[in-house]
Amino acid sequence: MDTYENIYEVVRQVPFGMVTTYGKVAQLSGMNNARVVGYALSVLQANTEIPWHRIVNRKGAISYREGAGPSLQKTMLESEGVVFNKKGCINLEIYRW
DNA sequence: GCTCTGACTAAGA
DNA sequence: GTCTTAGCCAGAG
């Protein structure tokens, strides 16, 4: 459990209206493995306090099981003021934490 | 204890 | 810019 605790801690530090990448979280959490970060978020519950929707892949695109249902995450990010481009990707130049 | 899979990333083509 | 290959660590079988 302590393994993912670092990851959750990092994600929780992401400010409102910003996003970060799996690699960044992995590096900050000391995991150095983006896949584990994704796995850690996958075991999170919907009523969690962790802003998992602020985590995107390196392209800035939504990742919720590779296109399983990104509409929810996109909506939540838009509610925070995050803007998506035509490809449905976030401008990491602006919103990257 | 070994093998496969996985919300990924970096490097090469 | 996109596609492919290799690598990383942690769970599930």
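In what follows, every chain begins at residue 1, and chains take the letters A, B, ... in the order their sequences are listed.
Along DNA chain B, the nucleotide nearest A:N57 and the nucleotide nearest A:Y39 are compared for position; the residue whose nucleotide lies closer to the 5' end is A:Y39.
Nucleotide B:dA7 holds its C1' atom 17 Å from the CD atom of A:Q45, rounded to whole Å. Taking atom NZ of residue A:K59 and atom C1' of nucleotide B:dA10, one finds them 13 Å apart after rounding to whole Å. Computed from coordinates, the A:Y22 OH to C:dC9 C1' distance equals 16 Å when rounded to whole Å. In this structure, A:R58 atom CZ and C:dT4 atom C1' are separated by 12 Å, rounded to whole Å. In this structure, NZ of A:K24 is placed 16 Å from C1' of B:dC8, rounded to the nearest angstrom. For the pair A:W52 CH2 and B:dC8 P, the computed distance is 14 Å after rounding to whole Å. Spacing between atom CG of A:L44 and atom C1' of B:dG6 amounts to 16 Å, rounded to whole angstrom units.
In the region residues 27-37 of chain A, proximity to DNA chain C at under 4.0 angstrom, judged on heavy atoms, holds for A:N33, A:R35, A:V36. Within residues 85-97 of chain A, no residue has any heavy atom under 4.0 Å from DNA chain B.
Every residue meeting the side-chain contact (heavy atoms from CB on, under 4.5 Å) condition with A:E78, not counting sequence neighbours, appears here in chain and number order: A:K74, A:F84.
Taking every side-chain heavy atom of A:Y4 into account, C:dA10 is the closest of B:dA11, B:dA7, C:dA10.
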Margin query: Evaluate A:V37 against A:Y4 for side chain to side chain contact (heavy atoms under 4.5 Å, CB included), listing each step before the verdict.
Written below: CA-CA 8 Å; A:V37 176; A:Y4 293 153; over 6 Å; no

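Screening residues 15-49 of chain A for ring-ring contact (aromatic ring centres under 6.0 Å, His included) gives no qualifying pairs among residues at least two apart or on separate chains.
Between A:L77 and A:V19 the shortest side-chain heavy-atom distance falls below 4.5 Å.
In this structure, A:T21 and A:R58 approach most closely via the heavy-atom pair CG2-CA, 4.3 Å.
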Throw together a table of side-chain donor-acceptor distances under 3.5 angstrom for residues 86-97 of chain A, partners on residues two or more places apart or in other chains.
from: A:N91; atom 1: OD1; to: A:E93; atom 2: N; distance (Å): 3.1
from: A:Y95; atom 1: OH; to: A:G81; atom 2: O; distance (Å): 3.4

Enumerate, atom names and distances included, each donor-acceptor pair closer than 3.5 Å involving a side-chain atom of residues 45-53 of chain A, sequence neighbours excluded.
from: A:T48; atom 1: OG1; to: A:I50; atom 2: N; distance (Å): 3.3
from: A:H53; atom 1: NE2; to: A:E80; atom 2: OE2; distance (Å): 3.0

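No side-chain donor-acceptor contact under 3.5 Å links A:Y8 to the backbone of A:L41.
Between the OH atom in A:Y64 and the CD1 atom in A:I55 there is a gap of 14.5 Å [rounded to 0.5 Å].
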